[in-house]
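Values in this document were obtained by computation on a predicted structure and should not be read as measured data.
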Amino acid sequence: MEANTTNVEIKTKEVIKSPSGFSVVGRELIKDKLALISLIFLIGITAFVYGTALFLDQDEIVRVDLFSIYEPPGEEFILGTDYGGRDVFGQLIIGTRNSLSIAILVTLMTGIIGILYGLISGYFGGHVDNIMMRILDFFLILPFTMIVIAFVAIVPKYGVWTFSLIMTAFLWMQIARLVRSKALAEKELDYIQAARTLGTTNFKIMFRHLLPNVSSIIIVTMTLNLAANIGLESGLSFLGFGFPESTPSLGTLLSYARNPQTLEYRWWIWVPASLMILLLMLAVNNVGTALRRAVDARQRRG
Amino acid sequence: MGFLKVEDLKVHFPIKGGLFGRTLDYVRAVDGVSFTLEKGKTYGLVGESGSGKSTTGRAIIGLNHVTSGKVYFEDKEITGETKAKSDFRKDIQMIFQDPYSSLNPKKRVIDLVAEPIRNFEKLTRKEERIRVQELLELVGLNPESILKYPHEFSGGQRQRIGIARAIALKPKLIIADEPVSALDVSVQAQVLNFMKEIQDELDLTYLFISHDLGVIKHMCDHIGIMYKGRYVEEGSAKEIFENPQHIYTKRLVAAIPDIDPRKREEMKQFRAEVNTEYEQSYNDYFNEEGLAYGLKPISDTHLVALPEKG
């Protein structure tokens, strides 16, 4: 018996595997050069920003220096300074890190809450589904922007985590509805029924059977959400309801452009941040659409 | 009492509609079905599409909500038991009709077949692998294919995986819901003969649900004929096929194809006769709503749905 099983083990390793999810995505990326460049750009910029931010001191950068107000880009300041004499390049690095962290945190947290909520609602169906969806509807009708503005007024000091949490509270609904609709359709299939006759618990059926079969759509949606969430923080900060100037983000840099003088004559303060937002969102979107095509066999290019 | 006893089983589905989704009426999918299974035998449930035969099977194992009636398994009531870890789950297993949708496409064969084992027994990885390989060998699949995905197999092979999964816990009763109707004919015979083989080997009892009378004749000891959620006739295979009493059964039996071409004309005429009889005496055998009457015994094992007047 012993020898027999080891023999089998050796043989099973030689079995040719069907194309896994990763290789399908890989082929799709190779066919879609734009998505591949986007992915490399994204990985590069993320590594650079998080790496450089380690060596930068946020307090040092946001300290007001009256002797170097509105310095144009030059040797001392690569991207010049703003009206407080603060280094724009340093703010850009820290700001990109903060904005990216928020986008990633919000995407992950909305993803986890949305998946749990949607799976439970869709799998159990009936009254459970009905009640959970009405609660979700309640969250949908809440005026998001107004509540965030009120939150900014109430909480005096807040950072990446608190901001992410408040955003998550209003953004998990979309993914919950998506997962629920997929779970509703998927749970009627025989393999879910079969799992029940085999004595598998509801919990296991939800996470071991349902989740893997709805995962592709979740990954795609979360990637595209990531692009949207980068813009979301910037938008709020631009309006003055995001981070204070002591916590630089892409949005705070952008909001300096509300000053007409800055907008017209001091491009170095807001153009780099705008470009960064544009490039990040485009890149994430490109990768997201490539992923979407990889998930749907009819749309694949590779 | 018997091995499996079903008493006056009713499964009704509500039809919702109107304002606020009121329940307007019910679809009486199964409307008062009773039968008993003997251990080690095969019981065939036959009927046309929508006659409630699959619903009966699914209600017994707890996949459909039972409106009323009782199901006893080895003298214990199991009606409407929804707990995942109930004792009877180990003893009653199901083979599904569609071998394509009944296997999770994202799981490997080893995980599919080992799922019931993991739910009820504590085995080490190695023991589990050996068990799965034994099971695969038993159902005639290559034991080396444990790391493959279901889509790498043909329909017949997938159904064998389904069977391997169903027999993994050495159950006493298997509910086979049209196990071969999705397979092509050459594979059907293979799977059926294989099911018969393991029946002797593992002392299994089958509740065999099918619309294919040829298959039923090949497999079953006892047969129940269903029509619109009710029984029209019940008896041993011999009684049903050689001495059908109800007009619906007669018509069904007459429809079994005969492979002898010399009898073609004869069979055609016979069928035409049965059909005219069916049309003429339809009102004698079914009530105003087109449903069958209650069952009346005409011998020890043979029951027929006949009206009161006889």
Side-chain angles (χ1 to χ4, degrees), chain A residues 1-24 123-130 182 185-219 295 297, chain B residues 21 57-58 60-64 82-90 92-108 110-120 126-127 129-130 133 142-152 162 165-166 168-169 171 174-175 177:
Chain A
M1 206 67 199
E2 197 69 45
N4 199 2
T5 46
T6 46
N7 195 12
V8 170
E9 265 169 353
I10 293 161
K11 275 184 187 163
T12 43
K13 275 180 192 152
E14 291 162 14
V15 175
I16 303 152
K17 289 219 189 101
S18 63
S20 68
F22 283 112
S23 67
V24 170
Y123 177 69
F124 289 105
H127 290 304
V128 177
D129 182 41
N130 222 331
K182 276 271 159 192
E186 201 76 15
K187 72 155 183 182
E188 292 301 324
L189 290 180
D190 272 349
Y191 72 87
I192 300 288
Q193 310 278 341
R196 287 173 59 194
T197 68
L198 295 170
T200 311
T201 54
N202 286 331
F203 183 81
K204 266 193 186 167
I205 294 178
M206 272 194 277
F207 290 98
R208 299 262 177 86
H209 289 283
L210 262 181
L211 189 57
N213 281 290
V214 297
S215 62
S216 50
I217 190 88
I218 292 172
I219 293 167
V295 165
Chain B
R58 293 166 75 96
I60 291 171
I61 204 166
L63 288 179
N64 280 128
T82 49
K83 261 202 302 223
K85 292 278 192 282
S86 308
D87 291 337
F88 83 91
R89 291 234 184 269
K90 241 181 114 166
I92 306 182
Q93 287 294 319
M94 187 153 178
I95 299 172
F96 285 81
Q97 176 176 4
D98 183 359
Y100 295 92
S101 75
S102 61
L103 301 176
N104 188 341
K106 300 263 163 151
K107 292 213 165 199
R108 294 174 189 277
I110 182 160
D111 296 319
L112 288 167
V113 178
E115 189 177 342
I117 302 172
R118 285 174 193 161
N119 286 336
F120 287 101
K126 201 162 186 183
E127 285 168 336
R129 175 189 284 251
I130 293 166
Q133 284 175 335
N142 190 347
E144 285 159 26
S145 51
I146 51 168
L147 291 181
K148 285 189 183 175
Y149 285 96
H151 66 85
E152 295 172 59
R165 181 171 66 173
L169 291 171
I174 288 184
I175 297 172
D177 185 2

Proximal component of B/Lys107, with respect to chain A [non-hydrogen, under 4.5 Å]: side chain

The ring-ring contact (aromatic ring centres under 6.0 Å, His included) partners of A/Phe207 (sequence neighbours excluded) come to A/Phe203

Greatest number of non-hydrogen atom pairs under 4.5 angstrom with chain B, of A/Asn213, A/Leu189, A/Asp190, A/Thr201, falls to A/Asp190

Ranking B/Gln93, B/Lys90, B/Met94 by heavy-atom pairs under 4.5 Å to chain A gives rank one to B/Gln93

Residues B/Ile110 and B/Leu147: closest non-hydrogen pair is CG2-CD2, 4.4 Å

Can any side-chain N or O of B/Glu152 pair as donor or acceptor with the backbone N or O of B/Tyr149 at less than 3.5 Å? yes

For residues A/Lys187 and A/Phe124, determine if any side-chain heavy atom of one lies less than 4.5 Å from a side-chain heavy atom of the other. no

Go through the atoms of B/Arg58 and report whether side chain, backbone, both or neither lie under 4.5 Å from a heavy atom of chain A. side chain

Non-neighbouring partners of A/Asp129 that pass salt bridge (charged side-chain N to carboxylate O under 4.0 Å, His left out), sequence neighbours left out: A/Arg180

Which atoms of B/Leu103 come close to chain A, meaning under 4.5 Å heavy atom to heavy atom: side chain ones, backbone ones, both, or neither? backbone

